[in-house]
> 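Sending over a structure as structure tokens; questions will come in a sec.
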Amino acid sequence: MTKSLDDLVLSLQRGLDRLIRRLRRGGAPEPTHRRLLIVQIDGLSRAVLEHGLASGHMRFLKQLLRRHGYRLEPMTVGLPTSTPAFQMAAMYGVCPDIPGFHYYNREWQSDIHFPRRGHAARVEAKQADGRRGILRGGSAYGCVFTGGADNNLFTFASLTHPSGRGLLAALSPFVVLGWVCLKGLLRTLIELVKAMPRFVDPVKGRQGWRWFTIKIGISVWLREFFTMAVSRDLYAGIPAVYVNYLDYDEAAHNFGPRSRPALVNLRRVDRAIRQLWRVTRRVPEHQYDLYILSDHGQTR
């Protein structure tokens, strides 16, 4: 496999990480057990997944299914199949009592809305009921709940105060962070130039700016950061990693599940999955098992 600029940046960061570890007299992870990488494509249904495979928007996933022994399997988590209920069932193996993303809780005599501060953490503590999450000792990115992860970033359950080394992990890999910033700025400029004709239109301008902000924040900056941060975790041998890509879901809500913006974002997530898979292949000693989840299906 040929190395991209992302791979070169990660190699440099990996060398610095090893140097820092040696100076601190810390040992490298021992290849003693299998490790887990879960990638969730938020809001993706089985029907659109199959459409993406057939239409060429998910070329790498199709390659995994055809050449590398992966297969599509149904995954039952109960109803509804909203992201909070789905992740609670996947992370803790429970049948969650979570009727939606925003609902009224009679026991607490208040409404629950997961982006609000403290709501996700309270629901997780109640629903998990002392169970051990599958991400214990690991990392979670962009999820509703932590799944017991020591390091979590941009999860609703700890949005204002990342746990463990979550905040440190976001700032310490300065080579990776610098590269993400450089790529993000370049992609932002490109997307801005492409979107300028729409902004000139006085009718579409306001809506165009709103979608442009969401697109840049989630589909450019957040996706790039998640991919590079997870790649670094894989090189480091973190035992369990769960990353939730939000790109497709945001576009599907704004334009429709099979709209051009939604399918374009699906293709970009597919490329991110390809990069993570390549990293797992470069560290066979860590024995990572890759699972790709959607709200209505599973690939292993």
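Worth knowing before you read on, the calculation uses all heavy atoms, side chains too, and leaves out hydrogens, waters and symmetry mates.
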> Verify, without hydrogens or angle tests, whether D289 (side chain) and L36 (backbone) share a donor-acceptor contact under 3.5 angstrom.
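Side chain of D289 to backbone of L36: no pair is present.
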> Check the pair Y245, T227 against side chain to side chain donor-acceptor pair (under 3.5 Å), reporting the backbone distance first and the verdict last.
CA-CA 9 Å; Y245 285 113; T227 303; 2.7 Å; yes
> Within a strict 4.5 Å, meaning less than it, do heavy atoms of the F86 and V144 side chains meet?
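The answer is no; the side chains never approach within 4.5 Å.
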> Closest heavy-atom contact between L263 and P257?
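The answer is CD2-O, 4.5 Å.
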> Please step through side chain to side chain contact (heavy atoms under 4.5 Å, CB included) for the pair L61 and L49, ending with a clear verdict.
CA-CA 10 Å; L61 184 54; L49 171 61; 3.6 Å; yes
> Answer yes if the ring centres of Y242 and F145 are under 6.0 angstrom apart, and no otherwise.
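Distance test on ring centres: not under 6.0 Å, no.
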> Tell me whether R116 at atom CZ has more than 12 heavy atoms from other residues, nucleotides or ligands lying less than 6.0 Å away.
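Enclosed: over 12 neighbouring heavy atoms sit under 6.0 Å from CZ of R116.
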> Just do the side chain to side chain contact (heavy atoms under 4.5 Å, CB included) check on S231 and L276 with the steps written out, would you?
CA-CA 6 Å; S231 296; L276 297 180; 3.5 Å; yes
> Is there a side-chain contact between L135 and T146 in this structure, where contact means two heavy atoms from C-beta onward sitting under 4.5 Å apart?
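A side-chain contact under 4.5 Å is absent here.
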> How many angstroms lie between atom CD1 of I273 and atom CG of L64, to the nearest 0.5 angstrom?
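Rounded to the nearest 0.5 Å, the CD1-CG separation comes to 8.0 Å.
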> State, yes or no, whether a side-chain contact exists between R223 and R268 at a heavy-atom distance under 4.5 Å.
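A side-chain contact exists here, since the closest heavy-atom pair is under 4.5 Å.
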> Do any N or O atoms from the side chain of D42 and from the backbone of D249 form a donor-acceptor pair under 3.5 angstrom?
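No, D42 side chain to D249 backbone: no donor-acceptor pair under 3.5 Å.
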> So among N151, D233, T155, which one has a side chain to side chain donor-acceptor pair (under 3.5 Å) with Y141?
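So, applying the side chain to side chain donor-acceptor pair (under 3.5 Å) to Y141 and each of N151, D233, T155, only D233 qualifies.
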> For S259 and A251, which heavy atoms make the closest approach, and how far apart are they?
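Shortest heavy-atom contact: OG-O, 4.3 Å.
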> With sequence neighbours left out, write down each residue that passes side chain to side chain contact (heavy atoms under 4.5 Å, CB included) with Y104, or none if nothing qualifies.
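Partners of Y104 under the side chain to side chain contact (heavy atoms under 4.5 Å, CB included) test: R106, Q109, D111.
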> Minimum heavy-atom separation for V123 and Y103, please, with both atom names.
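For V123 versus Y103, the nearest heavy atoms are CG2-OH, 3.9 Å.
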> Got a second to check how far R122's CZ is from S110's OG, nearest 0.5 Å?
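So the gap between those two atoms works out to 5.5 Å.
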> State plainly whether one hydrophobic cluster holds both V264 and F255, where clusters connect Ile, Leu, Val, Met, Phe, Trp and Tyr through side-chain heavy atoms under 4.5 angstrom apart.
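Not linked; separate clusters.
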> Restricting to non-hydrogen atoms, name the atom on R281 and the atom on P284 that form the minimum distance, rounded to 0.1 Å.
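Where R281 meets P284 most closely, the heavy atoms are O-CD, 3.5 Å.
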> Drop me the distance from H51's NE2 to R258's CZ, to the nearest 0.5 angstrom.
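H51 atom NE2 to R258 atom CZ measures 5.5 Å (nearest 0.5 Å).
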> Can you name the closest pair of heavy atoms from V243 and V230 and give their distance?
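Closest pair (atom of V243, atom of V230, distance): CB-CG2, 3.8 Å.
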> Taking all heavy atoms of R282 and all of Y235, pick out the closest pair and write down the distance.
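Taking every non-hydrogen atom into account, CD-OH, 3.7 Å.
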> Is the side chain of H119 donor-acceptor paired with the backbone N or O of H113 at a distance under 3.5 Å, no angle test?
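Present.
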> Find the distance between CD (E73) and CG (L293) and round it off to the nearest 0.5 Å.
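With rounding to 0.5 Å, CD (E73) is 11.0 Å from CG (L293).
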> Nearest 0.5 angstrom please: L222 CG to N244 CG, how far?
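Here the interatomic distance stands at 10.0 Å.
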> State whether the side chain of R35 and the backbone N or O of G237 hold a donor-acceptor pair below 3.5 Å, judged by distance alone.
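At least one qualifying donor-acceptor pair exists.
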> Would a 4.5 Å heavy-atom cut-off, applied to side chains only, mark L53 and L72 as touching?
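With C-beta onward as the side chain, the pair touches.
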> Please check: side-chain N/O of D270 versus main-chain N/O of L266, any donor-acceptor pairing under 3.5 Å?
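No, the answer is negative, given that no donor and acceptor are paired below the 3.5 Å cut-off.
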> Kindly indicate whether the side chain of H102, heavy atoms from C-beta on, has any atom under 4.5 Å from the side chain of I112.
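When only atoms from C-beta onward are counted, I112 and H102 do not touch, as no gap falls below 4.5 Å.
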> Between Q127 (side chain only) and D97 (backbone N and O only), is there a donor and an acceptor less than 3.5 Å apart?
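Yes; at least one donor-acceptor contact below 3.5 Å.
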> Does the side chain to side chain contact (heavy atoms under 4.5 Å, CB included) test come out yes or no for H286 and R34, once each step is laid out?
CA-CA 7 Å; H286 294 331; R34 303 197 69 83; over 6 Å; no
> Y92 pairs by side chain to side chain donor-acceptor pair (under 3.5 Å) with which of R131, R132, Q87, E124?
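Of R131, R132, Q87, E124, side chain to side chain donor-acceptor pair (under 3.5 Å) with Y92 is met by E124 alone.
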> Could you walk me through whether R59 and K62 pass the side chain to side chain contact (heavy atoms under 4.5 Å, CB included) check?
CA-CA 5 Å; R59 294 180 180 177; K62 189 174 183 178; 5.6 Å; no
> Counting N and O atoms only, with roles assigned by atom type, does the side chain of N105 sit under 3.5 Å from a partner on the main chain of W108, one being a donor and the other an acceptor?
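Pair found, side chain donor or acceptor close to backbone of W108.
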> State, with a plain yes or no, whether a side-chain heavy atom of R274 is found less than 4.5 Å away from one of Q63.
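No, every pair of side-chain atoms sits at 4.5 Å or beyond.
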> Can you measure from CD (Q40) to SG (C143) and round to the nearest 0.5 angstrom?
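Reported to 0.5 Å precision, the distance equals 6.5 Å.
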